Amino acid sequence: MKIAVLSTNKNLYSTKRLVEAIEQKGHEAFVINHTKCHFRMEEGSPQIFHRKKLLSHFDAIIPRIGASVTYLGTAVVRQFEMQGTFSVNSSQSILQSRDKLRSLQLLSKTDVGIPKTVFAKYPKNAEVDMLLNEVGGTPVVIKVLQGTQGLGVVLADTEQSAKSTIEAFSGLKENILIQEFIKEAGGADVRAFVVAGKVVGSMKRQGKEGEFRSNLHRGGKSEVIELSEVEKQTAIKAAKAMDLSMAGVDILLSSRGPLILEVNSSPGLEGIETATKVDIASKIVEHIEQSMAARKNQFTPLQDEEE
Ligand code: ADP
């Protein structure tokens with residue numbers, strides 16, 4: 001098969017590992033930089049150009065779309081979908097995973113636990129009292145809707161600090177979520193890597209001393225962790241609710257059970273493969289092989305039964 005990894009840099013750990021796994025399994029690997037693509041649309045022939053060259057057909061793509069280029073990246077994925085190429089995560093599922101409000105709305109339809117969260121557009125101080133009450137009062141976590149890597153995530157200990165933080169974000173015309181603070185998580189969270197409805201690796205990330213955010217980009221450290229059955233099922237259900245075949249599910253361990261924080265559609269491989277020693281890149285390629293085989297069977301006409 002011809003399989004392309006959509007990535008802005010062929011030297012990134014995740015990109016290199018995916019290329020390695022594709023080739024090890026006897027397929028042809030390509031790296032397409034989605035920020036260097038343009039399309040042509042006319043009746044019946046959606047075309048994609050990469051670095052000005054028309055691309056031929058790929059059987060499958062593995063999108064690794066950074067948050068800063070979601071719009072363009074998902075448009076490239078959509079263009080491949082129009083050509084009948086299989087994408088490990090669909091353009092629509094990547095798009096919805098990038099919005100914290102939309103994700104929580106989708107998750108709240110299911111029975112997986114999520115932290116109590118409220119959203120209101122630029123609330124005034126009088127409304128803020130009501131919103132804080134709805135999530136159980138301070139301390140609360142205030143989050144910018146499209147933040148990543150822990151940026152735009154603020155812990156407000158008191159009503160006063162919550163109000164001034166909300167006022168500052170509203171002044172900047174930033175939409176925010178107000179969320180109950182899960183203190184017992186102790187500055188740690190769990191990343192469960194889900195491929196095709198199975199947890200293939202999991203790690204615990206602990207924020208550095210005095211930091212409530214566990215993001216590795218903020219100096220957090222990771223270690224391998226074995227999840228309970230309930231935690232595994234929660235991660236699997238969350239990936240399914242977001243319609244993601246490949247997902248990095250972030251979970252807070254609370255006194256009332258696992259709570260989903262976020263479901264990432266382009267989860268990095270370096271942290272999880274290093275912590276778990278599991279070859280997750282190969283699991284992703286195996287998922288492509290199985291999905292393509294299932295597709296083929298779907299399109300193969302049934303033989304007439306012999307009389
Ligand atoms: P980002 O997408 O920017 O990583 P998150 O919502 O995942 O933002 O938050 C970053 C980190 O902050 C999480 O990994 C977690 O450690 C901590 N955190 C976020 N929300 C809460 C919360 N409600 N209670 C306790 N800790 C939280």
Side-chain angles (χ1 to χ4, degrees), residues 65-70 94-108 112-119 131-158 161-162 165-166 169 174-194 202-223 225 227 231 234-235 238-239 242 244 247-268 270-272 275:
I65 310 293
S68 59
V69 287
T70 300
I94 299 169
L95 207 51
Q96 65 197 17
S97 75
R98 287 295 154 78
D99 180 328
K100 288 187 203 286
L101 174 60
R102 198 162 171 192
S103 302
L104 286 172
Q105 285 177 311
L106 286 167
L107 290 169
S108 68
V112 299
I114 51 175
K116 267 187 230 145
T117 309
V118 288
F119 168 79
L131 296 174
L132 293 177
N133 273 337
E134 281 184 33
V135 296
T138 53
V140 290
V141 177
I142 299 166
K143 298 184 182 183
V144 173
L145 281 195
Q146 269 146 14
T148 56
Q149 302 178 350
L151 294 173
V153 178
V154 180
L155 176 60
D157 281 316
T158 63
S161 60
T165 307
I166 293 166
F169 280 132
E174 278 288 352
N175 280 311
I176 49 153
L177 296 174
I178 305 170
Q179 194 166 71
E180 68 173 312
F181 175 53
I182 308 299
K183 187 165 190 276
E184 62 273 25
D189 74 355
V190 165
R191 159 65 59 95
F193 205 110
V194 177
S202 48
M203 63 178 173
K204 183 178 170 185
R205 300 176 301 192
Q206 180 72 54
K208 63 177 186 215
E209 190 68 29
E211 173 61 77
F212 81 101
R213 296 166 301 174
S214 58
N215 303 71
L216 302 183
H217 287 96
R218 308 261 74 74
K221 294 263 176 299
S222 63
E223 62 180 77
I225 185 180
L227 299 186
E231 289 156 3
T234 302
M242 301 297 297
L244 292 167
V249 183
D250 294 345
I251 304 171
L252 284 178
L253 301 181
S254 82
S255 49
R256 60 175 196 274
L259 303 178
I260 300 291
L261 204 48
E262 190 166 39
V263 187
N264 296 281
S265 51
S266 289
E270 186 166 14
I272 194 92

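The model shown is predicted, which means the values in this text are computed figures rather than measured ones. Scope of the values below: all heavy atoms of this structure, side chains included, with no hydrogens, waters or symmetry mates. When a ligand or atom number is given, it counts from 1 through the structure's own listing order.
Taking a cut-off of under 4.0 Å to the non-hydrogen atoms of D189, the atoms of ligand 1 that pass are 13 (C), 14 (O). Close contacts between ligand 1 and R213 involve ligand atoms 11 (C), 12 (O), 16 (O), 17 (C) [criterion: under 4.0 Å to a heavy atom]. Set against the non-hydrogen atoms of K100, the atoms of ligand 1 under 4.0 Å away are 1 (P), 2 (O), 3 (O), 6 (O), 8 (O).
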Taking it one step at a time, do L227 and V190 satisfy side-chain contact (heavy atoms from CB on, under 4.5 Å)? CA-CA 9 Å; L227 299 186; V190 165; 3.5 Å; yes
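If you check which protein heavy atom lies closest to atom 7 (O) of ligand 1, you get E262 OE1, 3.3 Å. N215 ND2, 2.8 Å is the protein heavy atom nearest to atom 4 (O) of ligand 1. Here the heavy atom of the protein found nearest to atom 20 (N) of ligand 1 is K143 NZ, 3.0 Å. Scanning the protein heavy atoms around atom 23 (N) of ligand 1, the nearest turns out to be E180 O, 2.9 Å. Among protein heavy atoms, the minimum distance from atom 3 (O) of ligand 1 is reached at G150 N, 2.7 Å.
Residue-level proximity to ligand 1 for K183 is absent, since no heavy atom of it falls below 4.0 angstrom. At a heavy-atom cutoff of 4.0 Å, ligand 1 is contacted by the side chain of Q179 but not by its backbone. At a 4.0 Å heavy-atom cut-off, ligand 1 touches V153 through the side chain alone.
At distances below 3.5 Å, not a single donor-acceptor pair connects side-chain atoms of T234 with backbone N or O atoms of V112. Formation of a donor-acceptor pair under 3.5 Å by the E174 side chain with backbone atoms of V144 is not found in this model. Using a distance-only test at 3.5 Å, with no hydrogens or angles considered, a donor-acceptor pair links the side chain of Q206 to the main chain of G186.
Evaluation of the salt bridge (charged side-chain N to carboxylate O under 4.0 Å, His left out) test over residues 96-108, restricted to residues two or more places apart or in two chains, returns K100-E262.
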